[in-house]
Amino acid sequence: MSVALYARGGGGGCGAKAAAAARRPARGGGRRRAAVVLLLLALAYVAGLLVFVLGGGGGGGGGVGGRVEVGREGVMTVASLRRRRAAAAAAPQPGSVYRSHLVFERLWPDIRDDASSAAATASSLSTSWRRSMLMTSHYQNPGELWMPCVNRKLIRPELPPSNGYLMIEANGGLNQQRLSICDAVAVASLLNATLVIPAFHFNSVWRDHSKFGNIFDEDHFIETLKEHVRVVKELPVDVLARFNHNISSIPNMRTKAYSSPNHYMQKVLPKLLELGVVRIAPFSNRLAQSVPSNLQALRCFVNYQALKFAEPIRVLAEDMVERMVKKSTLTGGKYISVHLRFEEDMVAFSCCTYDGGLKEKNEMENARERSWRGKFHRHGRVINPEANRRDGKCPLTPLEVGMMLRGMGFDNTTSLYVASGKIYNAEKYMAPLRQMFPLLATKDTLALPEELAEFEGHSSRLAALDYSVCLPSEVFVTTQGGNFPHFLMGHRRYLFGGNAKTIKPDKRKLVLSFDDPNIRWNRFKRHMQDILHHSDMRGTAFRKPNDSIYTLPMPECMCQQDGMM
């Protein structure tokens, strides 16, 4: 019998007796019994309400088709309550599912009207509105300006006779190779070894056969380092002859990641002195983050002064930057650069799902198998796309980047340079970004086909062009992490007084706004501006013991301006 029947005093049993007792004249014990019964009925009614509320009643979304199922007396039944709880348990947590395309469909009219109203309002205020956020984006404080001073910090004793030759093999993409080169120079200095120009390992993902000289200026590298470390282009023939002219016969001193300087002095140096040459392959992240200050300064010296792109890259990159500045006349020649990681291999590796359905699922499975051969099917490996998205591990789509930037206040007069490889399903995913930012450019639109011809098929050389155009941009937006943004952020800090505007969004917060197809444009903008504010607070930063010197060159490689005068 339902709680409602008891509350009305209807039906049989205790409810009927209580009603009769209430009608009889009040007499001693009868009155007390009636009071007790009424109290019990009230408690039962309250208990029923609690069951209803705790079960999630009172709003839409329960039962079938979003209706709350109730019994004929108007109270939720036990069966419907169980179904409600099961449905709630099965529903994905906020931020778990890609719904950004639905949010965009709802908000696009507001986004478009927002830009139009801003333009109309500003028509009487000359063109100041067009400068928008780009004109004050570096947020530099002259009192806290930092300047490069790595030359002052380097210790330059006369080079003693060499202990032998160090050979390393750099693997990965452009900036992982860059990291390996810088660390190799530091290790060569530590061992007092002569460094052989690093070899580049061919990677199944990057698929680039470029050698050192195709990407970097070898002669400049050797000349710049001559007072610090000896560098030669090849191992001398007489040394190679001792190993039957076979480099693979030279002992490979396999070294753990982030090995300390003591490891090299105790394990590698004795072998170097014995054989006159040692080889370390692979050599990615093989030196600890925290090393003595003179080695840190040497790392910066290599990264920012000794490593200069090869002339063909440098010449085309300079032309591309000039063209990008000319495209940005509405914002005083200033532009935003975005590192967009939405290539097929990145989407596949992330194990995230978007809105491509079965076709996307099959393409991603094939891409994973092609590049990583069964890695994602190993025993015990769990793939959870929903958790990946909630944790901010999914690459942002071009659509999401565009919505984020428009919400942060960058309007449709903003010039945008997109640095990326080949975007997955580009025709679909790039269209809304171009819709939001008509002044969008890429290396394919800034450079002529004949200018890019010699770089095609060489991902590291193409990445060097992207790096060069992003470096002087007024604002840099990173969307997925990796060596490219980390090196670029450090390089921009080094060049721009310790603080260059970088937008590094908290994607765990971002996906919550993209998960609500009913969100209003004003509320969405508030969320984006909160994310921007949080990102701005991390502008000027100092390296902590386990941080990378390549991302945070202060204080080891820079000095406060006041201290230099």
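Position 1 is the first residue of the sequence; numbering continues from there.
The two residues Lys501 and Glu474 come nearest to each other via the heavy atoms CB-O, 3.6 Å. Between Leu396 and Leu340, the shortest heavy-atom distance links the atoms O-CD1, 3.8 Å. Scanning both residues, Tyr165 and Val239, for their nearest heavy atoms gives CE1-CG2, 4.0 Å. Contact detail for Leu174 and Ala463: the closest heavy-atom pair is CD2-C, 3.8 Å. Annotation for Asn294 and Leu154: closest pair O-CD2, 3.9 Å, computed over non-hydrogen atoms.
At least one donor-acceptor pair under 3.5 Å links the side chain of His220 to the backbone N or O of Gln305. Remark: side-chain polar atoms of Arg390 are not paired, donor with acceptor, to backbone N or O of Pro94 under 3.5 angstrom. Judged by distance alone, the side chain of Ser420 and the main-chain N or O of Ile423 form no donor-acceptor pair under 3.5 Å. No side-chain donor-acceptor contact under 3.5 Å links Glu218 to the backbone of Ile197.
Annotation: side-chain hydrogen bond (donor to acceptor under 3.5 Å, both in side chains) contacts of Glu223 (sequence neighbours excluded): Lys226. With sequence neighbours excluded, the residues forming a disulfide bond (SG atoms under 2.5 Å apart) with Cys300 are Cys557, listed by chain and number. Take Phe349 and apply the ring pair (Phe, Tyr, Trp, His ring centres under 6.0 Å) test, not counting sequence neighbours, and it matches Trp372, Phe376. Partners of Cys352 by disulfide bond (SG atoms under 2.5 Å apart), not counting sequence neighbours, listed by chain and number: Cys394. Scanning for side-chain contact (heavy atoms from CB on, under 4.5 Å) contacts around Ala306 gives Phe221, Thr224, Leu225, Val302, with sequence neighbours left out. Partners of His209 under the side-chain contact (heavy atoms from CB on, under 4.5 Å) rule, at least two apart in sequence or in another chain, are Phe202. Residues forming a side-chain hydrogen bond (donor to acceptor under 3.5 Å, both in side chains) with Tyr550 (at least two apart in sequence, or on another chain): Asp183, Arg299. Checked against side-chain contact (heavy atoms from CB on, under 4.5 Å), Glu169 has the following partners two or more places apart in sequence or in another chain: His201, Ala281. Listed by chain and residue number, nothing satisfies the side-chain hydrogen bond (donor to acceptor under 3.5 Å, both in side chains) test with Asn388 (two or more places apart in sequence, or in another chain). Every residue two or more places apart in sequence or in another chain that forms a ring pair (Phe, Tyr, Trp, His ring centres under 6.0 Å) with Phe514 is listed here: Phe524. Evaluation of the side-chain contact (heavy atoms from CB on, under 4.5 Å) rule for Leu159 yields Arg230 as partners, not counting sequence neighbours. Partners of Gln176 under the side-chain hydrogen bond (donor to acceptor under 3.5 Å, both in side chains) rule, at least two apart in sequence or in another chain, are Ser284, Asn483.
Side-chain atoms of Ser210 and Arg461 form a donor-acceptor pair, as typed in the model, at a separation below 3.5 Å. For the residue pair Ser513 / His527, a side-chain donor-acceptor distance below 3.5 Å is found, with atom types taken as modelled. A donor and an acceptor atom, one from each side chain of Lys393 and Gln480, are nowhere located under 3.5 Å apart. Inspection of the Asp466 and Tyr417 side chains reveals an N or O donor paired with an N or O acceptor under 3.5 Å. Judged purely by distance below 3.5 Å, without hydrogens or angles, the side chains of Tyr424 and Glu360 never pair a donor atom with an acceptor atom.
Aromatic pair Phe542/Trp146: ring centres closer than 6.0 Å. Checked against a 6.0 Å centroid threshold, the rings of Tyr354 and Phe342 count as neighbours.
Salt bridge status for Arg368 with Glu365: present, with a side-chain N to carboxylate O gap under 4.0 Å.
Residue Arg254 places its CZ atom among 12 or fewer non-hydrogen atoms of other residues, nucleotides or ligands, all under 6.0 Å distant.
Remark: Arg493 is not positioned above the aromatic ring of Phe487, lacking an NZ or CZ atom under 6.0 angstrom from the ring centre and at most 45 degrees off the axis.
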